[in-house]
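Written below as structure tokens is the structure these notes are about.
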Amino acid sequence: MSDSKRNLEVEKVVIKFAGDSGDGMQLTGSQFGDESGWLGNDIATFPDYPAEIRAPVGTVAGVSGFQIHFGKSGIHSPGDIADVLIAMNPAALKANLKSIRKQGIVITDSDSFDQKSIEKAEYTSNPFEDGSLDDYELIKVPISSLTKKAISSLELGLDNKSVMRCKNLFALGLVNCMFNRSLAQAEKFISEKFKKDAALVKANIAALNAGFNLAETIEAIAFAFTVLPASNEPGLYRNITGNKAVAWGLMAAAEKSKRKLFLGSYPITPATDIMQELVRHKWSGVKVFQAEDEIAGICSAIGASFAGNLAVTTTSGPGLALKGEAIGLAMMTELPLVIVNVQRGGPSTGLPTKTEQSDLMQALYGRNGESPVVVLAAGSPSDCFDYAFMACKIAMEHMTPVILLTDGYLGNGAEAWKVKTTDELPEMNLSDVISADETWKPYQRNVETLARKWVIPGMKGFEHRIGGLEKQDVSGNVSHDPANHEHMVKLRAEKVKRVQEFIPMQKVKGKDKNDLLVVGWGGTYGTIYGAVNELQKEGKNVAFAQFNYIHPLPKNTAEVFSKFKRIVVCELNLGQFASYLRIQLPEFKYSQINKVQGQPFTINELKEDINNILSS
Amino acid sequence: MSDSKRNLEVEKVVIKFAGDSGDGMQLTGSQFGDESGWLGNDIATFPDYPAEIRAPVGTVAGVSGFQIHFGKSGIHSPGDIADVLIAMNPAALKANLKSIRKQGIVITDSDSFDQKSIEKAEYTSNPFEDGSLDDYELIKVPISSLTKKAISSLELGLDNKSVMRCKNLFALGLVNCMFNRSLAQAEKFISEKFKKDAALVKANIAALNAGFNLAETIEAIAFAFTVLPASNEPGLYRNITGNKAVAWGLMAAAEKSKRKLFLGSYPITPATDIMQELVRHKWSGVKVFQAEDEIAGICSAIGASFAGNLAVTTTSGPGLALKGEAIGLAMMTELPLVIVNVQRGGPSTGLPTKTEQSDLMQALYGRNGESPVVVLAAGSPSDCFDYAFMACKIAMEHMTPVILLTDGYLGNGAEAWKVKTTDELPEMNLSDVISADETWKPYQRNVETLARKWVIPGMKGFEHRIGGLEKQDVSGNVSHDPANHEHMVKLRAEKVKRVQEFIPMQKVKGKDKNDLLVVGWGGTYGTIYGAVNELQKEGKNVAFAQFNYIHPLPKNTAEVFSKFKRIVVCELNLGQFASYLRIQLPEFKYSQINKVQGQPFTINELKEDINNILSS
Amino acid sequence: MGPEVKTCSLTKADFVSDQAVKWCPGCGDYSILSAVQTALPQIGKRREDIVFISGIGCSSRFPYYMSAYGFHTIHGRAAAIASGVKLANPDLSVWEITGDGDALAIGGNHLIHLLRRNIDLNILLFNNKIYGLTKGQFSPTSEEGSITKSSPHGTIEEPFLPGELAIGAKANFYARITDSSPKFMAEIFVAAELHKGTSLVEILQNCVIFNDGVHDAISSKEHREENQLVLQHGKPMLFGKDRKKGIRLNGLKLESVTIGENGIAENDILVHDAHNPDPTLHLMLVRMSLPELPVAIGIIRNVSNSTYEAKMKNQIDLAQTKSKYTSLNDFFKSGDVWEVK
Amino acid sequence: MGPEVKTCSLTKADFVSDQAVKWCPGCGDYSILSAVQTALPQIGKRREDIVFISGIGCSSRFPYYMSAYGFHTIHGRAAAIASGVKLANPDLSVWEITGDGDALAIGGNHLIHLLRRNIDLNILLFNNKIYGLTKGQFSPTSEEGSITKSSPHGTIEEPFLPGELAIGAKANFYARITDSSPKFMAEIFVAAELHKGTSLVEILQNCVIFNDGVHDAISSKEHREENQLVLQHGKPMLFGKDRKKGIRLNGLKLESVTIGENGIAENDILVHDAHNPDPTLHLMLVRMSLPELPVAIGIIRNVSNSTYEAKMKNQIDLAQTKSKYTSLNDFFKSGDVWEVK
Ligand SMILES: Cc1ncc(C[n+]2csc(CCOP(=O)(O)OP(=O)(O)O)c2C)c(N)n1
Ligand SMILES: Cc1ncc(C[n+]2csc(CCOP(=O)(O)OP(=O)(O)O)c2C)c(N)n1
Ligand code: SF4
Ligand code: SF4
Ligand SMILES: [Mg+2]
Ligand SMILES: [Mg+2]
């Protein structure tokens, strides 16, 4: 929806290690930089020594830092603003926080945040408590004590000081895990560096591994990417992650529709953050119910919807599988319900911290019977706000469950969001849905949307019963009549299809009559757009269609497709959207570009693949 | 698989009401016959009065019966053998049992089976206990006492005799529900007949409704259809329902593979019978675990599979929805598992006692991530035996979950089955799968099938760990490596695809080069075949392809399709197999004939639709 | 008994819906339905403020027959759905209707979590010790050895005792009644509604078709007096024809004694304290079983505790009082924002 | 204690797998792992006959670290999968590894049904009162008021007491131990394996990252003696530094008394009877809590009962003895068949 031109900064990360001069930050940073180079990255580094030669331990003046900017290509500077900060003490935090991107990740050694050290860093209040870190992804790790415990079990007989010197390696291990690197290079480096002292080699390697394992165990996730705001569109901006944007979009929909917001959910990576964000905002009146499992999460939301709340459940792949039966109930009883699925690497438990787009078929078809629901997909972190809002709007105006697909990459990724006011948001037309008169019947419908009315307990004189058995048209009574069943099956399908009349037409970026149309959906937006943009600049005859409305598709989709000689569908799975298009619009031929590595596309690989198609 | 020519007797039902002369069977029967006529059926009836004028009450000689043969068309006689018997007392049972089809439905008034009446009917033992009804679908209903209770609550002041005279209407109500009829006609008839006595009208209508409601409440299901055996293929025959055939096919697979059979299941209409059949055969060593829910049902089966049993779970639509996550686990850990889904009318709770084919997309795609499994579908009740067997064979030989789709129509329908001996069944080649040597690794594969080995607890020296996280190729260790993930996703898909090499080629009934190919899958086999057969006889250029192997499709499917000008896919849903074919073989165009009424196709409606396509 | 309640002008007939009741003639569900319709006018709530939520099973058809808001949901999930209804609108009177399979097999987890959370719902558990709707398989309450459609050789599982499981899950209100005592049922339903927090009422219900007579030793007219210990808070635990028999505590065991025999006097008999937060004696009462002891009937446990929804409301109210934001627009603009001109 | 067990020639090291252990340094899971590896050689089973089945959670990574058969399954379902393993092959020693979220949130239903069925499995429930793997949300055992990632304002739910829920679900074996007593843990694991039927061992486990010190009042060195009542079957319930304190029954209440004070003698002190089928006293022990009473540690309940798999086997054996069929071919041909020539 946010369609403005953007400054893309994809696949480049700035990371800064900072600590006391004695903490070995230069070593850690340069080792990480070297690894980046070995892995074929473009890098730029910037060692940031303390100005004073012997500044007192624990003071801001004594902080030593090392910044690394790395990426697949095109790195020309060590970066102005860091995405990740590793702060080994309060002073390091103090000294560096201003140059960390909002929503960036701040990893701290929480052991070092005792009262004394906090004061030494000239903090007037504890930054963990005073809210000053609210805008960052704060990861508190007791690095000192964990390092100690990891080493002490080896019984190497090292003194405390030597043990504490290993904590930089703990930090290095942790960051290595977050960026998907093996420890082989770092271990080699340690063995080399301490080759004279076997105990030190063991200790440092233990610390390195402990940090790595911790990150894996607690499912620490590296943010995905950064998109800087368009400099030419005036307004107020702030950084936002996709998960936070979903939460805010839901809150906005509740305010706009004057319905109370209810979330029934069960924690699961990478969707938990949405619940955790919402629960912080009890001031807005949101009711957050952490249920005993995914089924209770969605079922409590169905109950809340029946009782008139704007009801939402959030989850990720395996959780969506568990919700299938209940989604069918909401579909059958035609209750508004928003199901947010933050896709992760599958199948089964799969790769919980990685990204993928492989729940599309499940979202469309993962239920018994003919059970159509609306499916949307957000394209960028800030898009998540708009599509969460739209999901609520469609759910309530059309009385239907809506599945909103995002993914780990969007959910944890951050970008600048042009702050919206609720006045700018589309109106919600619920007055028709929530009113009834004497002629009312439970399954009577609005002629335009085919939505039934949302008559809720408390409304006098409209007591009625609904349920999951097939219902008679209009009356809503249980019916086993064969002809009625077919009629209702088609009516429910038609109701979802009618949503087409209320959503925007499909747009194309580039000439709308061309050689090749690149099709994408959901969270791959930024990268595909970047690739197509570059190809267009190189004069290639390509255009790009980004789909956010999946089911139903925009009304003009066939018309759009018909203007192109070839269509290629790019997605992070084995071709699920392509399959869906073959069902919906079998009259076109679709080529595919797929990647299933738990990783986003890169612009270069997309360009290469598209070029191959162009020249074939 | 059973490909012999068949005598189809579809959509025709013979029903017999029998009771003592005073029980009003003539009235009940003729009323039911009249209703059948009013509904536009072809009917033939046969009133069967007692030979003796005043035979003693309760004796065989005193039994009065009324037989009705009804169907959409082509009824030329009241029928030789009845499909449904309503026996109001033991004598009625005794007198009529010999002319009831095996696996037919026998409804008795259980109140009338006291010792005295049983003796009067000259039974030497209680037919409820001596096993003589084992081959029938026995429904014991305390008709007398229920009639009494239904009427007594009205406080009409009728004497006991008048009340008891209403029990024939209870029976009529019950049968009306089973055949999907409304009570309007019968109520009109009662009001007319007893118009002089308001109390009798009320009483009879109450009994009628009580019988109807009972049938609905206990989900009594009318059998679906009967296929008589080919008279030209010699051998031993018996009647079998689809659900029983599944149970027996599983038992045969266990014996053939020398694996213990384990069933983990939770009751759900119309699949419960499979569990109930298996549990009767503990003598065969089968372990039946009635679990606390569907998830525990499949999970216990996964555990049993891990431990080396031939593991199965049975369910219907909503239950399959609940099993999605666990199917993903079995798929990821590459364990053999058979999931039998007896489809019913959906979505949601839908129409539990009706038939439909609307779980196909769910079976194919109802899980998170790229999660391919094998999907089969049986075509007739006796087919269920063969495909249950094949499902087990493929699951174990290819180390994969297999979903077998049947439906309510097949499950409750009966046909003659040519008794197989286990020697005639295909061999199971498990020796390679269940052996291992020093070079063994948990995810090492057979080069032909790509199956990993089934190394089970108890095998010394092969202790290993599996799980739902992505695994490293060959070693099976947890791996987050991006390239490995893509490799494994493709490998799992390829493993399932390889099953193509081990299944029969797709056949066509009719000329394999022709104008129109009619495509069907699963339980619509008999009707589509019947329709195509008749059209062929009428000289139309049509052929028929029945699909039982759904995923993967037979290797030659594209080749078969390419020989036809047009392809029409007939199914009891909105077009799920057609959608799937558009994904798998997008190079062809598919027309559709669909019906979603909880009812099977009829030959006439299919012929009409196909004719329309032919002439368009 | 008969607690003091608000009344309103509605009558039993006002709660009868227009749908034909479709249980088997003689099914225990009829009398439960009637008792609920009798009880409702006594709770003083308007029809539109009453909601019945059920799962799937014969018993779960109940909502169709009530003239009130109703939702016949999916198997086992009524507790979770009812929780959502109540949290969305705490002013409603919410009744969960469920069977022994629905609540204790597939729905067991939702039940125990609901009980510990203490959301103010009334659960009516129709315990016929069988799966009725699916035609007669054993349930988690079927006695060991039961011959059913799915256990032709007898079941091999120890059944749950619903009261024991419930109190193990922190239930604050648990009552057990039979479908054969209509007036008493209605009284208990009123008490369940008056109790703030989750109220679990187990009803020993007869299934005439698949498990006829399973509760006869407790609920039939002939056995009732001797085999039921009808509990009343504050009253001695007496039973039997002449109310001469009573329950005494002997160490950590309950025993049945006769007043006047062996020197037993009325003050040896335990007095029922349903309000005691300590569940020890309640559990002993729940576990009493024939033939040694009569079966405890009535409100066994009725303890006050704050409800989930009240605590949720408190937190929201407090957050709103303390909030620095008066609208979302405020909030969106707060914190780290920058302006592009 | 230390029950008499078969030993075999395996050592602790034989049970260590080749996988790097990936818990946070200092996590309580390490000591549990080590205690299991210590216990296994004492149960006399061969490595290939031992199976570890886990759900999802930090604790559920356990199977990877054991040199035995292992299955890291899906969240909450370990109990059901382990049940299938044991029923498929009753000769195996099957261990379910689970966390408080895995077993009591999503997996609660499977747990209670497993307990009543009494399938011979050993359940190790790692109770850190938090969801560790998903980074710190409250769990069904988190104390009311706990501030966690998902409850910044404190939780508003009454937690389960696992032992109470388990006994409410008909558990025959329940023990509670702390991760800080390695030798005692190993002893209890051996006893759990020796018990035929489902054995539930709740381990108070420390999560250093998200819930550090939650069990300190019970498990830390300094508080241990005063705050733990270590139960031994047949032994008096004594505790405290000089074992001068003890537990006495006063009516239906347990109280802590000091021997020598107020005329209390050693024979006023209760003697632990883990084998008593009546769960009344076991439940009172389970519920003891600080500061009034010490926390009961050790085997609280250990009652013999026939197992599900033994009963299943009996029915199959009997059916086979009585069967008229010797093969499927016999069976298929039996009954109503007809010949077409
Ligand atoms: C997901 C799912 N699984 C199974 C069923 C089948 N089913 C419906 S009701 C029922 C059990 C009914 O028993 P109970 O709850 O005791 O109710 P009753 O009929 O005895 O009143 C079962 C197994 C279903 N409808 N949905
Ligand atoms: C179906 C599903 N839902 C949710 C999750 C996310 N999840 C993984 S582990 C876990 C809870 C872990 O807590 P606990 O069982 O106490 O184990 P611990 O990590 O504390 O040892 C959750 C919610 C999941 N993996 N799968
Ligand atoms: S089957 Fe049983 S529980 Fe169900 S309606 Fe009939 S009598 Fe009642
Ligand atoms: S997060 Fe907690 S429970 Fe998990 S490994 Fe770390 S310390 Fe242990
Ligand atoms: Mg029941
Ligand atoms: Mg935990």
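Worth saying up front: this structure is predicted, and the values here are computed from it rather than measured. In what follows, every chain begins at residue 1, and chains take the letters A, B, ... in the order their sequences are listed.
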Self-check item: side-chain hydrogen bond (donor to acceptor under 3.5 Å, both in side chains) between Asn484(B) and Asp473(B), worked out
Solution: CA-CA 7 Å; Asn484(B) 176 74; Asp473(B) 194 13; over 6 Å; no

Quiz item: Picking from Arg582(B), Gln576(B), His485(B), which has the most non-hydrogen pairs under 4.5 angstrom with chain A?
Solution: His485(B)

Self-check item: For chain A, the option from Asn573(B), Leu581(B), Leu320(B) that forms the most heavy-atom pairs under 4.5 Å
Solution: Asn573(B)

Between [X] and [Y] (salt bridge meaning N to carboxylate O under 4.0 Å), is one present in this structure?
| X | Y | result |
| --- | --- | --- |
| Lys354(B) | Glu470(A) | no |
| Arg344(B) | Glu356(B) | no |
| Glu334(B) | Arg492(B) | no |
| Lys490(A) | Glu486(A) | yes |

Option that, when pairs with chain B are counted at under 4.5 Å, heavy atom only, ranks first among [options]:
| options | value |
| --- | --- |
| Gly328(A), Gly350(A), Gly317(A), Ala321(A) | Gly350(A) |
| Pro347(A), Gly366(A), Ser358(A), Gly346(A) | Pro347(A) |
| Met332(A), Glu325(A), Glu370(A), Gln343(A) | Glu370(A) |

Practice problem: Answer with side chain, backbone, both or neither: which region of Met331(A) has an atom nearer than 4.5 Å to a non-hydrogen atom of chain B? | Solution: side chain

Quiz item: For Lys595(A), is it the side chain, the backbone, both or neither that has a heavy atom under 4.5 Å from a heavy atom of chain B?
Solution: both

Quiz item: Say you draw a straight line from OH of Tyr580(A) to CG of Leu585(A); how long is it, rounded to the nearest 0.5 Å?
Solution: 8.5 Å

Is chain A contacted by the side chain of [X], its backbone, both, or neither, given a heavy-atom distance below 4.5 Å?
| X | answer |
| --- | --- |
| Ser479(B) | backbone |
| Leu469(B) | both |
| Gln599(B) | side chain |
| Ile295(B) | side chain |

Quiz item: Going by the angle between their ring planes, with limits at 30° and 60°, are Phe561(A) and Phe588(A) parallel, tilted or perpendicular?
Solution: perpendicular

